[in-house]
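Heads up, the thing below is written out as structure tokens.
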Amino acid sequence: MAQSEKQQLLDKRYLRMARIWAENSYCQRRQVGAILVKDQMIISDGFNGTPSGFENVCEDEAGVTKPYVLHAEANAISKVARSNNSSDGSTLYVTASPCMECAKLIIQSGISRVVFNELYRITDGIDLLKRAGVECVHIAETE
């Protein structure tokens, strides 16, 4: 198997894992999962939700996402920051393309690749990542 074929296979597998991890989210509008991988090891994970110690309710009575809900990428990056691992040179697998705020965190944390399933309607995050030289790979839904 060629190296690029092997990488595509791994990318699809890690994206499936991110989708499964998204099921941990209590958010009703959208569940997003993220897996951070370095040297073929998962070094962190995250899903969208409220900060630790808060109620597990992401939307208000009108169905609007609360302003303090953290995105899956931010949770994965925060989690690795509290560990002995470094995200420098890692790949982030996420079920939806990153927003502008998460893109800034991705750049600052040294993540070199972002692989995602769903292309979010606002693409400014992906545009910023590409401008910073972060490789962005869009892979449509996989089983």
Side-chain angles (χ1 to χ4, degrees), residues 4-143:
S4 63
E5 289 177 45
K6 184 178 180 183
Q7 187 61 60
Q8 285 180 332
L9 186 64
L10 287 171
D11 286 347
K12 289 179 180 181
R13 285 179 180 159
Y14 285 125
L15 276 176
R16 281 198 311 270
M17 293 173 76
R19 279 199 310 279
I20 290 168
W21 203 244
E23 294 172 11
N24 288 313
S25 173
Y26 286 90
C27 295
Q28 300 296 312
R29 292 182 62 216
R30 168 179 278 138
Q31 293 180 317
V32 180
I35 303 287
L36 195 56
V37 176
K38 185 173 181 178
D39 301 325
Q40 295 186 2
M41 291 185 298
I42 296 171
I43 60 170
S44 189
D45 52 56
F47 52 88
N48 58 325
T50 55
S52 297
F54 281 61
E55 74 288 349
N56 286 322
V57 179
C58 298
E59 296 85 9
D60 63 19
E61 300 78 27
V64 177
T65 300
K66 294 178 180 179
Y68 52 87
V69 168
L70 292 157
H71 289 185
E73 306 94 315
N75 271 324
I77 291 168
S78 299
K79 192 173 181 179
V80 78
R82 294 179 67 175
S83 75
N84 292 326
N85 288 314
S86 168
S87 55
D88 199 41
S90 64
T91 298
L92 179 69
Y93 294 90
V94 62
T95 58
S97 59
C99 69
M100 176 64 80
E101 293 303 312
C102 287
K104 291 188 279 187
L105 291 173
I106 290 165
I107 293 164
Q108 289 301 98
S109 63
I111 295 168
S112 59
R113 283 180 84 228
V114 175
V115 181
F116 61 94
N117 270 141
E118 178 189 347
L119 182 61
Y120 190 62
R121 61 183 169 79
I122 302 168
T123 61
D124 57 357
I126 291 294
D127 297 339
L128 185 68
L129 290 171
K130 288 178 180 176
R131 180 176 168 197
V134 176
E135 181 185 354
C136 297
V137 180
H138 178 208
I139 298 177
E141 283 293 316
T142 57
E143 294 93 48

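What's counted below: heavy atoms across the whole structure, side chains too, no hydrogens, waters or symmetry copies.
The two residues Glu23 and Gln31 make their nearest non-hydrogen contact at O-NE2, 4.0 Å. Of all heavy-atom pairs spanning Pro51 and Tyr68, the tightest one is CD-O, 3.5 Å. Scanning all heavy atoms of the two residues, the minimum distance from Ala76 to Ser44 falls at O-OG, 2.7 Å. Counting all heavy atoms, side chain and backbone alike, Leu70 lies closest to Ala74 at CD2-CB, 4.4 Å. For the residue pair Lys66 and Glu59, the shortest heavy atom distance occurs at CE-O, 3.6 Å.
Salt-bridge annotation for Asp45 and Lys79: present, with a side-chain N of the basic residue lying under 4.0 Å from a carboxylate O of the acidic one.
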### Thr50/Asn56 under side-chain contact (heavy atoms from CB on, under 4.5 Å): CA gap, chis, key distance, verdict
CA-CA 6 Å; Thr50 55; Asn56 286 322; 3.9 Å; yes

### Query
Hey, mind stepping through Lys38 and Ser87 against side-chain contact (heavy atoms from CB on, under 4.5 Å) and telling me if it holds?
CA-CA 7 Å; Lys38 185 173 181 178; Ser87 55; over 6 Å; no

### Query
Hey, mind stepping through Gln40 and Tyr14 against side-chain contact (heavy atoms from CB on, under 4.5 Å) and telling me if it holds?
CA-CA 10 Å; Gln40 295 186 2; Tyr14 285 125; 4.2 Å; yes

#### Entry: Test side-chain contact (heavy atoms from CB on, under 4.5 Å) applied to Thr91 and Val115, step by step
CA-CA 7 Å; Thr91 298; Val115 181; 3.9 Å; yes

Could you pull out every donor-acceptor pair under 3.5 Å between side chains of residues 94-111 and any protein atom, sequence neighbours left out?
{"from": "Thr95", "atom 1": "OG1", "to": "Gly33", "atom 2": "N", "distance (Å)": "3.1"}
{"from": "Ser97", "atom 1": "OG", "to": "Tyr120", "atom 2": "N", "distance (Å)": "2.8"}
{"from": "Glu101", "atom 1": "OE1", "to": "Lys104", "atom 2": "NZ", "distance (Å)": "3.4"}
{"from": "Glu101", "atom 1": "OE2", "to": "Lys104", "atom 2": "NZ", "distance (Å)": "3.0"}
{"from": "Ser109", "atom 1": "OG", "to": "Leu105", "atom 2": "O", "distance (Å)": "3.0"}
{"from": "Ser109", "atom 1": "OG", "to": "Ile106", "atom 2": "O", "distance (Å)": "3.0"}

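No more than 12 heavy atoms of other residues, nucleotides or ligands shown are found within 6.0 angstrom of NZ on Lys130.
When the ring-ring contact (aromatic ring centres under 6.0 Å, His included) test is applied to Tyr26, no partner is found at least two apart in sequence or on another chain. For Gln7, the side chain to side chain contact (heavy atoms under 4.5 Å, CB included) criterion is met by Leu10, Asp11, Tyr93, Arg113, not counting sequence neighbours.
The CD1 atom of Ile77 sits 12.0 Å away from atom NE2 of His71, with the distance rounded to the nearest 0.5 Å. Atom CG of Asn75 sits about 11.0 Å away from atom CG of Asn24, to the nearest 0.5 Å. Rounded to the nearest 0.5 Å, atoms CD1 (Ile20) and CE (Met17) are 7.5 Å apart. Atom CG of Leu129 sits about 10.0 Å away from atom CG of Asp124, to the nearest 0.5 Å. In this structure, OG in Ser90 is found 12.0 Å from CD1 in Ile35, a value given to the nearest 0.5 Å. Taken to the nearest 0.5 Å, the CD1 atom of Ile43 stands 4.0 Å off from the CG atom of Leu36.
Judged by distance alone, the side chains of Asn117 and Arg19 do bring a donor and an acceptor atom under 3.5 Å apart.
Counting only distance, with no hydrogens or angles, the side chain of Ser25 and the backbone of Phe47 share no donor-acceptor pair below 3.5 Å. No donor-acceptor pair under 3.5 Å is formed between the side chain of Asp39 and the backbone N or O of Met41.
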